[in-house]
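In the text below, chain A, chain B and the rest are named by the order of the sequence lines, each starting its count at 1. Excluded from the calculations below are hydrogen atoms, water molecules and symmetry mates; all remaining heavy atoms, backbone and side chain alike, are included.
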Protein chains: 2
Amino acid sequence: MRPPTIRDVAERAGVSKSLVSLVLRGSQQVRPEKRRAVLAAVEELGYRPNAAARSLSERRTRTVGVLLNDLRNPWFVELLDGLNSELYASGLRTLLADGRLNRRLGEDLTHTFTELRVDGLIAVGTLPDPAAVRTAAARVPTVVAGTREPVLPHVDIVAGDDELGARLATEHLIGLGHRHIAHIAGQGVVGALRRRGFEAVMREHGLSASATVEQGDLTEEGGYRATVRLLGAPHRPTAVFAFNDMAGVGALSAAEELGLRVPGDLALVGYDNTYLARLRHLWLTTVDNAGHDIGRRAARRLLDRIADPARPGEVALTAPVLEVRGTTAPPRSAD
Amino acid sequence: MRPPTIRDVAERAGVSKSLVSLVLRGSQQVRPEKRRAVLAAVEELGYRPNAAARSLSERRTRTVGVLLNDLRNPWFVELLDGLNSELYASGLRTLLADGRLNRRLGEDLTHTFTELRVDGLIAVGTLPDPAAVRTAAARVPTVVAGTREPVLPHVDIVAGDDELGARLATEHLIGLGHRHIAHIAGQGVVGALRRRGFEAVMREHGLSASATVEQGDLTEEGGYRATVRLLGAPHRPTAVFAFNDMAGVGALSAAEELGLRVPGDLALVGYDNTYLARLRHLWLTTVDNAGHDIGRRAARRLLDRIADPARPGEVALTAPVLEVRGTTAPPRSAD
DNA sequence: GCCCTTCTTTGGACCGTTCCAGATCTTTCC
DNA sequence: GGAAAGATCTGGAACGGTCCAAAGAAGGGC
């Protein structure tokens, strides 16, 4: 009992398979009664076209491969959401590969996605294997979203302006009266950019001497550890700007454990405005990075690039917005 | 400049395309020197088989469709992780459709997945449109994971034992000395099961009179609102068992806002043991629902069902485990 | 009524694999 | 040395669509 094919439909409707194909692809050159007959046969048989046969013949798959760094990071999920909605509207489906979930990211890129002959590729977030992206980008239209690497010839980049975001956060803290401010840094290019924004603003305000940077990672654990180190040091900061919300929550825990009140004893800013920051119990001041919007823009870029693969790569940055919540306030006493 | 085909490889290696196919599929019936010639040609040309052509001919896609309720729920992500790792190991890739991300779930099911002729289908979590699952299950091997509906003829179900989990949580609170306990209920079958477990235990301890149930939903907001109502009532509970961690966090915020200390004035248990519950700042006592494990088991069930589609549907429940953290303690004074 | 257009409709090649029946080459054995 | 038995290899028919050149039908003009 195989699923019906276009020939079955043709036979039932009393026409040729070519005509069925025409009707299904919406040709205007078909007489109404034939069209009706075909559509009725489709309905009666429950016919669904076979995507494999179609892509073999059309030489395209209407599928976009998405390489994601980590599905556990809520910000990426939001980006993915924007991506999906825009691509779906253009009749493209999305095939997801998570670099963390199944480790063999490079393998996935070169094997799965090229075997499937995806029409396009979106790399989301800092990926473990940039070389794999390079290889793939040479064969298929590619857009990098949510990070600024790798920079490659015909590849577009859509990301938040991390340096600006870091400036906003730092300016906010300084504006509140903080002088001794620490930054918990993240990894990769994104980490470097946010750090640079922080350091630049501190320098501009003549506060380089009281700026501290502690290396963390993208997790709560990393933020916690970094904060413990920061607060254990002799001259401790009155404010912390964390690389992302997860690290910010870690910092929150560390402060609490050491008996410091937030924001009274320690002001705290995160980054990404994930739903974590929005939890009433945390209510983290953070930088909104507009993940959904970045996803949509990345999708549009990819559509453009599929239409014209040869055009030069562009970098599009979106401006982040500071979201002030409950974890920032002026320092208790002048530093 | 098209990608090379099996014919190009054959020509280069000086053999027939059939032999190339044999080599690539690992036949033992090929003389070593020919095998080497073929593999060398593959390497030189950078040949990658065309998945569409292969599935058309083999009449299977090596692809499993996954219907997910909500990617934003960390528990589902964990389940997905388990699913992926197991399926990947069996050479199946995963195509993800999120019911919340692109709303048209029913459409996706009947259109995208049937057009792609996926080899199997996994429905994760309570889905908005059970009828679509029913339709699809009639044509393709299907497994339901993480929930216990819909129950369908040849469909397996893999889920946590929600009633048992709720019992564990409730027993824990009673064991600590709580008498007046409230439950924030969730929706759907899962919600009903957890509620039933709670009510059964309360009844067994002769505490039905002091058991309260407040309807919430699966979000923080719902948990918050429900808790505000609970704590505003005349005879307020000393402990709350929330449907899931998100609702539990909402309850935490509500208690804090009303000036109650957790766990001193109010004990709190969540469900799912998501990373939220593990955040040091929240440190929620919760019920571990083993998402990763459920994902793996669902994958294995699907593999079995693909091998033998006609076998009767089975229900496999995994036993959850109570994870005691910082939000539960004995009540301050006997009730 | 006939020829020329303009619409519609159709047969068949093609997309890149797999798989099967049979062809061809090697061995083995008497 | 020849035949039978294996071991290898190959051509061609699927798989289920799209698309193009050409056939057939219908309408228009004289």
The side chain of [X] is closest to which nucleotide in this list: [options]?
X: B:R59; options: D:dG17, D:dC15, C:dT17; value: D:dC15
X: B:L56; options: D:dC15, D:dG17, C:dT18; value: D:dC15
X: B:V30; options: D:dC19, D:dC9, C:dT9; value: D:dC9
X: A:E58; options: D:dT18, D:dG17, C:dC19; value: D:dT18

Practice task
Assess whether side-chain hydrogen bond (donor to acceptor under 3.5 Å, both in side chains) is satisfied between B:S55 and B:R59, documenting all intermediate values.
Solution key: CA-CA 5 Å; B:S55 15; B:R59 333 188 75 244; over 6 Å; no
Value in whole Å for how far the [atom2] atom of [N] lies from [atom1] of [X]:
X: A:R62; N: C:dC15; atom1: CZ; atom2: P; answer: 19 Å
X: B:Q29; N: C:dT26; atom1: CD; atom2: P; answer: 16 Å
X: A:D8; N: D:dG17; atom1: CG; atom2: C1'; answer: 13 Å
X: A:K34; N: C:dC7; atom1: NZ; atom2: P; answer: 18 Å
X: A:R7; N: C:dT9; atom1: CZ; atom2: C1'; answer: 16 Å
X: B:L24; N: C:dT18; atom1: CG; atom2: C1'; answer: 12 Å
X: B:I6; N: D:dC15; atom1: CD1; atom2: C1'; answer: 15 Å
X: A:Y47; N: D:dG17; atom1: OH; atom2: C1'; answer: 7 Å

Can you tell me whether the side chain of [X] and the base of [N] have a donor-acceptor pair closer than 3.5 Å?
X: A:S18; N: D:dC19; value: yes
X: A:T5; N: D:dG16; value: no
X: A:S21; N: D:dG17; value: no
X: B:S16; N: D:dG11; value: no

Problem - Heavy-atom neighbours of A:E33 CD exceed 12 at 6.0 Å - result: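 Count over threshold, so yes.
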Handout entry: Of A:V20, A:V23, A:L19, the residue whose pairing with A:K34 passes side chain to side chain contact (heavy atoms under 4.5 Å, CB included)
Key =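 That would be A:L19; it is the only one of A:V20, A:V23, A:L19 passing the side chain to side chain contact (heavy atoms under 4.5 Å, CB included) with A:K34.
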Problem - Expected output: side-chain B:D8 to main-chain B:T5 donor-acceptor under 3.5 Å - result: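 A pair under 3.5 Å: yes.
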Problem - Atom of B:R93, atom of B:A51 and distance for their closest heavy-atom approach - result: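 Nearest heavy atoms, B:R93 then B:A51: NH2-CB, 4.4 Å.
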Problem - Ion pair check, B:R148 and B:D162, cut-off under 4.0 Å - result: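 A salt bridge is absent here (no side-chain N lies under 4.0 Å from a carboxylate O).
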Practice task
Under 4.0 Å between any heavy atoms, over every strand shown, what does B:K17 touch: base, sugar-phosphate, or nothing? Just pick one.
Solution key: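 Base contact.
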Practice task
Scan B:R60 against the nucleic acid and name what it touches under 4.0 Å (heavy atoms): base, sugar-phosphate only, or nothing.
Solution key: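 The answer is nothing, as B:R60 stays clear of every strand by at least 4.0 Å.
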Between [X] and [N], does any side-chain N or O lie under 4.0 Å from OP1 or OP2?
X: A:R54; N: D:dT18; result: yes
X: A:R31; N: C:dT9; result: yes
X: A:R25; N: D:dC19; result: yes
X: B:R35; N: D:dT8; result: no

